[in-house]
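Scroll down for the structure; my scribbles are underneath it.
Given the structure is predicted, the values throughout are model-derived calculations rather than measurements. All chains are named by letter (A, B, ...) in the order of the sequence lines, taking the proteins before the strands, and each is independently numbered beginning at 1. Only this structure's heavy atoms are used, side chains among them; waters, hydrogens and symmetry mates stay out.
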Amino acid sequence: SQQGEEDPQALSIQEGENATMNCSYKTSINNLQWYRQNSGRGLVHLILIRSNEREKHSGRLRVTLDTSKKSSSLLITASRAADTASYFCATAGGFKTIFGAGTRLFVKA
Amino acid sequence: EAQVTQNPRYLITVTGKKLTVTCSQNMNHEYMSWYRQDPGLGLRQIYYSMNVEVTDKGDVPEGYKVSRKEKRNFPLILESPSPNQTSLYFCASSSRDRGPLSYGYTFGSGTRLTVV
């Protein structure tokens, strides 16, 4: 069963703009993670936010978590062409981690 | 370098011919998992292992087997591959130091399997 669902499915922006991706999920979680995947390669862990946290920053990344709405957002500020990739949210509850279908981000130089 | 190593990267095989995809991690992680990735479906978990000799089914275990005889290795076995198992496969590991998946996964580079 698919838990995390990202929105939008695809996003195209200009270099320097901010990119926002959203993730919704259905059941209770221990934490929520965001990953990046470049064109068929392995996923790279970006950031993890625990269920008792509301906001987290890492460099140009900002993640928020609203457990009452069962949703999270990933903001990439001042985007670069190198940020072009697919971004996945993953929800961890119990001993399973479930991934969404991802958002494809294209940053035009 | 801390990493998860999968082999092979690419594999083309015929229906019914048994194959094994190997996965090894050098981070002393307790938790390991296999996922398959298909267009439009994201990553779906096949099997996972909490520690040596402890494995459990994920969401799509049919047609697959795993074993965890050593902490570092977690091979994925397809006893009789079929064309619907054509996919991109990922192995991943994580530490359970502060509970399951407290630190997120480290992923391997993937194995692209084609069954004809």
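Applying the 6.0 Å contact sphere to CD of A:Glu53 captures more than 12 heavy atoms from other residues, nucleotides or ligands. Heavy-atom contacts from other residues, nucleotides or ligands closer than 6.0 Å to CZ of A:Arg60 number more than 12.
A continuous path of Ile, Leu, Val, Met, Phe, Trp and Tyr side chains, each step under 4.5 Å between heavy atoms, connects A:Leu61 with A:Val107, placing both in one hydrophobic cluster. Under a hydrophobic-cluster definition in which Ile, Leu, Val, Met, Phe, Trp and Tyr are linked whenever side-chain heavy atoms come within less than 4.5 Å, directly or via other members, A:Tyr87 and A:Leu32 are assigned to the same cluster.
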May I have the list of side-chain donor-acceptor pairs in residues 11-20 of chain B shorter than 3.5 Å, sequence neighbours left out?
residue	atom	partner	partner atom	Å
B:Thr15	OG1	B:Val116	O	2.8

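Here the closest non-hydrogen pair linking B:Gly40 and A:Ala101 is O-CB, 4.0 Å.
A donor-acceptor distance shorter than 3.5 angstrom exists from the side chain of A:Tyr35 to the backbone of B:Tyr105, with no hydrogens or angles considered.
Note that CG of B:Leu43 is 12.0 Å distant from CD1 of A:Ile98, once rounded to the nearest 0.5 Å. Atom OG in B:Ser94 sits 9.0 Å away from atom CG in A:Leu48 (nearest 0.5 Å).
If you measure heavy-atom distances from B:Gln37 to chain A, the contacts under 4.5 Å come from the side chain alone.
For the pair B:Phe90/A:Gln37, a side-chain contact is recorded, criterion being any heavy-atom separation below 4.5 Å from C-beta on.
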